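Following: one structure in structure tokens, then a few remarks.
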Amino acid sequence: MERGLLIDGKAIAAQIRQELKSETDRLIQNGVQPGLAVILVGRDSASETYVRGKVRACAEVGIHSEQIRMPEETSEDELLDQIRKLNRDSSIHGILVQLPLPEHISPNRVISEIDPDKDVDGFHPINAGRLATGLDSFLPCTPHGILQLLKRTGVQVAGKHAVVVGRSNIVGKPVSLLLQRENATVTMCHSRTEHLQAHTRQADILIAAVGKRHVITKDDVKPGAVVIDVGMNRNEQGKLAGDVDFEEVRPLASHITPVPGGVGPMTIAMLLYNTCLAAEASGDQNL
Ligand code: NDP
């Protein structure tokens, strides 16, 4: 069996962007240019970088994007008003509120205000509920990106044992649901899991979505497993590092994603995908 094959998220995301460029060309010919609004409240430097990346990627595939910057002291009501305005704006098909928000604003309240048909992050309770009950919905971008990485690398998911470490609403929970939908047998682990290693060592597909550098080492991985590292952590030098100790786990794994260049680029690609999907759905109604 081959070992240590790299899953190149950068290349797969570029391929998806190319496919989406043809899709936006087609939509534009039909009179609908997909539009995405990105709202950024405050001045978090990591958020600024993510927003720049999203806006750049939109331009590459022909999606119209609007950046709405609001000061740190913006009230929750002001932000909700802004969202309602975008809900009514027919040139905007997708609305994304960059998280985290300042502490005085409730992310749940804000996400719930987004029109579910424009909820391209897939975080609205209606879309989360649709995913949980097996109905069509916008899929959350990072989990959907992970699934695309597996599919496009030819990794068999059906019948395999997937272990997901992390149970957040934006990564762990929805990726578990998606893997189940693809007929994997899924185990979910979290900070209160006892004997974590006993679980992770059983994984054919191991997804680490914890947010702690090198929480997964070679002792936590079954030889031949596919390892997907969602973590984005900074080391002492400010360099980006994943949840997995890449150097020592790579020789053991059959396939592994690097950080950076693995899951990260896929998250943005799937955001563009959802925006095209939203534009297409609006076109169906308007044309
Ligand atoms: P959260 O902090 O919301 O969730 C972390 C999860 O990990 C929780 O469920 C927590 O358990 C669990 N956990 C914490 N410590 C341990 C431990 N020692 N052992 C087992 N489980 C543990 O994080 P997110 O899901 O939002 O993000 C996870 C990571 O992924 C972060 O590094 C984030 O930056 C990155 N990320 C990357 C993206 C990308 O595009 N590449 C997109 C989104 C996130 P409990 O529930 O019990 O607290």
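Both counts, for ligands and for their atoms, begin at 1 and track the order of listing. From a predicted model like this one, the values you see are computed outputs, not experimental measurements.
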Ranked by distance from atom 48 (O) of ligand 1, the top protein heavy atom is S191 OG, 3.6 Å

Considering only protein heavy atoms, which is closest to atom 29 (C) of ligand 1, and at what distance to one decimal place? G211 N, 3.6 Å

Say whether G231 and ligand 1 are in contact under the criterion: heavy-atom distance to a ligand atom below 4.0 Å. yes

Ligand-side contact atoms (ligand 1) for residue partner A209, heavy atom cut-off under 4.0 Å: 5 (C), 6 (C), 7 (O), 28 (C)

If you have a sec, work out which protein heavy atom is nearest atom 37 (C) of ligand 1 and how many Å separate them, to one decimal? V230 O, 3.2 Å

For N233, atoms of ligand 1 separated by under 4.0 Å from a heavy atom: 32 (O)

Should L101 and L99 be marked as a side chain to side chain contact (heavy atoms under 4.5 Å, CB included) after you check the CA-CA gap, both sets of side-chain angles, and the distance that decides it? CA-CA 5 Å; L101 288 166; L99 301 176; 3.9 Å; yes

In this structure, does ligand 1 have an atom that sits under 4.0 Å from one of the heavy atoms of G172? no

In the protein, what heavy atom is nearest to atom 46 (O) of ligand 1, and what distance, to one decimal place, separates them? R167 NE, 2.7 Å

From the candidates M232, H190, R213, the one that places a heavy atom nearest atom 32 (O) of ligand 1: M232

Counting heavy atoms only, name the option from V210, L196, V171 that's nearest to atom 23 (O) of ligand 1. V210

For K85 and E78: C-alpha separation, side-chain torsions, deciding distance, then whether salt bridge (Lys or Arg N to Asp or Glu O under 4.0 Å) applies. CA-CA 11 Å; K85 218 161 92 190; E78 284 168 323; over 6 Å; no

Is there side-chain contact between V249 and I256, with at least one heavy-atom pair below 4.5 Å? yes

Tell me which part of K212 gets within contact of ligand 1: side chain, backbone, both or neither, using heavy atoms under 4.0 Å. side chain

Should D219 and Q197 count as side-chain neighbours, where that means a heavy-atom distance under 4.5 Å? yes

I want to confirm something. Looking only at heavy atoms, which of S168, P260, P265, G264 is nearest to atom 25 (O) of ligand 1? S168

Look at the side-chain heavy atoms of Ile, Leu, Val, Met, Phe, Trp and Tyr, link any pair under 4.5 Å apart, and say whether F123 and L277 land in one connected group. yes

of all protein heavy atoms, closest to atom 42 (C) of ligand 1 is T142 OG1, 3.3 Å

State whether a side-chain donor-acceptor pair under 3.5 Å links T193 with H199. no

Could you walk me through whether H144 and F138 pass the ring-ring contact (aromatic ring centres under 6.0 Å, His included) test, one step at a time? CA-CA 9 Å; H144 190 195; F138 288 117; over 10 Å; no

Derivation of the side chain to side chain contact (heavy atoms under 4.5 Å, CB included) call for L206 and I228: CA-CA 6 Å; L206 178 60; I228 306 289; over 6 Å; no

Should T193 be listed as contacting ligand 1, given a heavy-atom distance under 4.0 Å as the test? no

Note: ligand 1 atoms sitting under 4.0 Å from heavy atoms of T267 are 39 (C), 40 (O)

List ligand 1 atoms under 4.0 Å from G166, heavy atoms only on the residue side. 6 (C), 7 (O), 9 (O)

Atoms in ligand 1 flagged as close to V165, the criterion being non-hydrogen separation under 4.0 Å: 20 (C), 21 (N)

I'd like to know if R43 and E72 make a salt bridge, using a cut-off of under 4.0 Å between side-chain N and carboxylate O. no

Do D136 and R130 sit within salt-bridge range, that is, some charged N less than 4.0 Å from a carboxylate O? no

Would you mind checking which non-hydrogen protein atom is closest to atom 26 (O) of ligand 1, with the distance to 0.1 Å? I170 CD1, 3.5 Å

Is V165 reachable from M232 through a run of I, L, V, M, F, W or Y residues, each pair having side-chain heavy atoms under 4.5 Å apart? no

